[in-house]
Amino acid sequence: MAAVVLVHGLYHRPEHFALVAERLRSAGTEVVVPELHRGSLPADTAAVQAVIDSLPAPPIVLGHSYGGSVITGLRGAGHLVYLAAFVPDAGESAAGLGGASQQLKNAITPEPHGSTSLHPDRAADTLYGDCPEPLAAWAVGLLRAQAPGCGRGIPEHHSWKHASSTYVVCAQDRAIDPALQRKTASRCTDTREWQTDHSPFVGQPELIVELLQELLAANTPPAR
């Protein structure tokens with residue numbers, strides 16, 4: 001069975017995918033959640049590429065939000081999943097495609113040396129609006145400061161032109177306009193639409209687990 005690689009977005013950490021990863025691992029799936037925050041899109045992409053290169057078979061790779069720019073630059077993925085994510089074409093960046101909603105921009109707080117962070121109260125409403133308060137507070141507590149410039153990076157390769165892909169539109173998203181998601185979803189092989197906020201891996205992890213298990217089954221060769 002292929003492995004699953006989960007790629008987080010800006011301000012997030014691998015731990016945000018814990019509810020998804022735990023369920024998949026308990027079902028016997030190998031799951032890798034690399035840490036980004038390497039300082040640039042090329043560096044983030046290289047970190048994930050190293051994971052793919054270490055696996056024995058092409059994995060299913062899911063990218064959330066900015067993570068879509070990261071997975072776009074990869075080679076060797078078996079199937080791509082864009083979750084409320086950017087799908088840049090040649091010469092395009094996440095910021096150039098439209099970037100953050102005004103609500104998300106209002107949550108961004110400047111930090112020293114050009115970094116930014118998210119205001120906790122505004123982040124909870126913008127990113128985790130579907131979640132009960134304790135769960136949203138857990139997710140907000142994991143957020144970290146973000147180095148400048150990552151969202152303006154332009155992928156050097158465009159994996160969605162060579163690999164099968166699924167786009168998941170989050171129709172209640174307050175961070176990235178669902179209309180922008182639907183527009184870029186047309187670049188993918190298949191599109192799903194969920195009535196969720198920007199972060200279903202926190203509020204409704206079972207949706208992601210079910211999708212990934214469906215894709216794993218479809219990408220597993222039949223036994224001989």
Side-chain angles (χ1 to χ4, degrees), residues 6-20 35-41 43-44 62-72 82-88 92-155 167-185 193-205 207-208:
L6 304 174
V7 182
H8 62 78
L10 298 182
Y11 304 104
H12 284 72
R13 299 175 186 264
E15 290 83 355
H16 282 95
F17 277 118
L19 300 175
V20 172
E35 176 86 49
L36 300 184
H37 306 292
R38 308 300 174 112
S40 69
L41 176 60
D44 288 340
L62 180 149
H64 174 245
S65 197
Y66 160 76
S69 293
V70 176
I71 71 172
T72 292
Y82 289 86
L83 176 64
F86 298 101
V87 191
E92 294 179 343
S93 67
L97 284 169
S101 68
Q102 190 59 52
Q103 183 169 337
L104 180 55
K105 290 177 182 176
N106 292 342
I108 295 174
T109 302
E111 298 285 349
H113 311 297
S115 296
T116 57
S117 61
L118 296 180
H119 186 281
D121 292 341
R122 293 176 177 174
D125 183 58
T126 304
L127 302 177
Y128 314 114
D130 288 354
C131 300
E133 186 174 337
L135 191 57
W138 168 79
V140 169
L142 288 173
L143 294 171
R144 56 163 289 172
Q146 182 64 53
C150 287
R152 295 190 291 274
I154 297 174
Y167 195 103
V168 178
V169 175
C170 294
Q172 304 302 318
D173 200 328
R174 299 174 185 176
I176 299 177
D177 187 349
L180 173 62
Q181 296 181 41
R182 295 184 186 103
K183 179 180 178 180
T184 57
E193 184 155 332
W194 297 344
Q195 297 301 313
T196 69
D197 64 14
H198 187 61
S199 309
F201 46 88
V202 176
Q204 300 190 56
L207 290 176
I208 299 176

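None of the values given here were measured: they were computed from a predicted structure.
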_Crowding at CZ, R152 (>12 non-hydrogen neighbours, <6.0 Å)_ =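 For R152, atom CZ is not crowded (no more than 12 foreign heavy atoms under 6.0 Å).
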Could you give the distance from [atom1] ([X]) to [atom2] ([Y]), rounded to the nearest 0.5 Å?
X: S65; Y: H12; atom1: OG; atom2: NE2; result: 7.5 Å
X: I208; Y: L19; atom1: CD1; atom2: CG; result: 9.5 Å
X: R182; Y: D177; atom1: CZ; atom2: CG; result: 8.0 Å
X: F86; Y: T72; atom1: CZ; atom2: OG1; result: 11.0 Å
X: T196; Y: Q204; atom1: OG1; atom2: CD; result: 6.0 Å
X: D125; Y: R174; atom1: CG; atom2: CZ; result: 4.5 Å

_Run the side chain to side chain contact (heavy atoms under 4.5 Å, CB included) test on T126 and L118 for me, step by step, so that the C-alpha distance in whole Å, both residues' side-chain angles and the decisive distance to 0.1 Å come before the verdict._
CA-CA 10 Å; T126 304; L118 296 180; over 6 Å; no
_Residue pair L36, Y66: steps toward the side chain to side chain contact (heavy atoms under 4.5 Å, CB included) verdict_ = CA-CA 10 Å; L36 300 184; Y66 160 76; 4.1 Å; yes
*Side chains of V202 and W138: does their closest heavy-atom pair fall under 4.5 Å?*
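Side-chain contact under 4.5 Å: yes.
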_Non-hydrogen side-chain atoms of H198 and I176 separated by less than 4.5 Å_ =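 In contact.
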*asked:* Once you measure the plane-to-plane angle for H16 and Y128, does it fall in the parallel (<30°), tilted (30-60°) or perpendicular (>60°) bin?
replied: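 Taking Y128 first and then H16, their aromatic rings lie parallel (interplane angle under 30°).
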_Using the rule given for side-chain hydrogen bond (donor to acceptor under 3.5 Å, both in side chains), can you reason through D130 versus Q172, listing the C-alpha separation, both sets of side-chain angles and the distance that settles it, and then say yes or no?_
CA-CA 9 Å; D130 288 354; Q172 304 302 318; over 6 Å; no
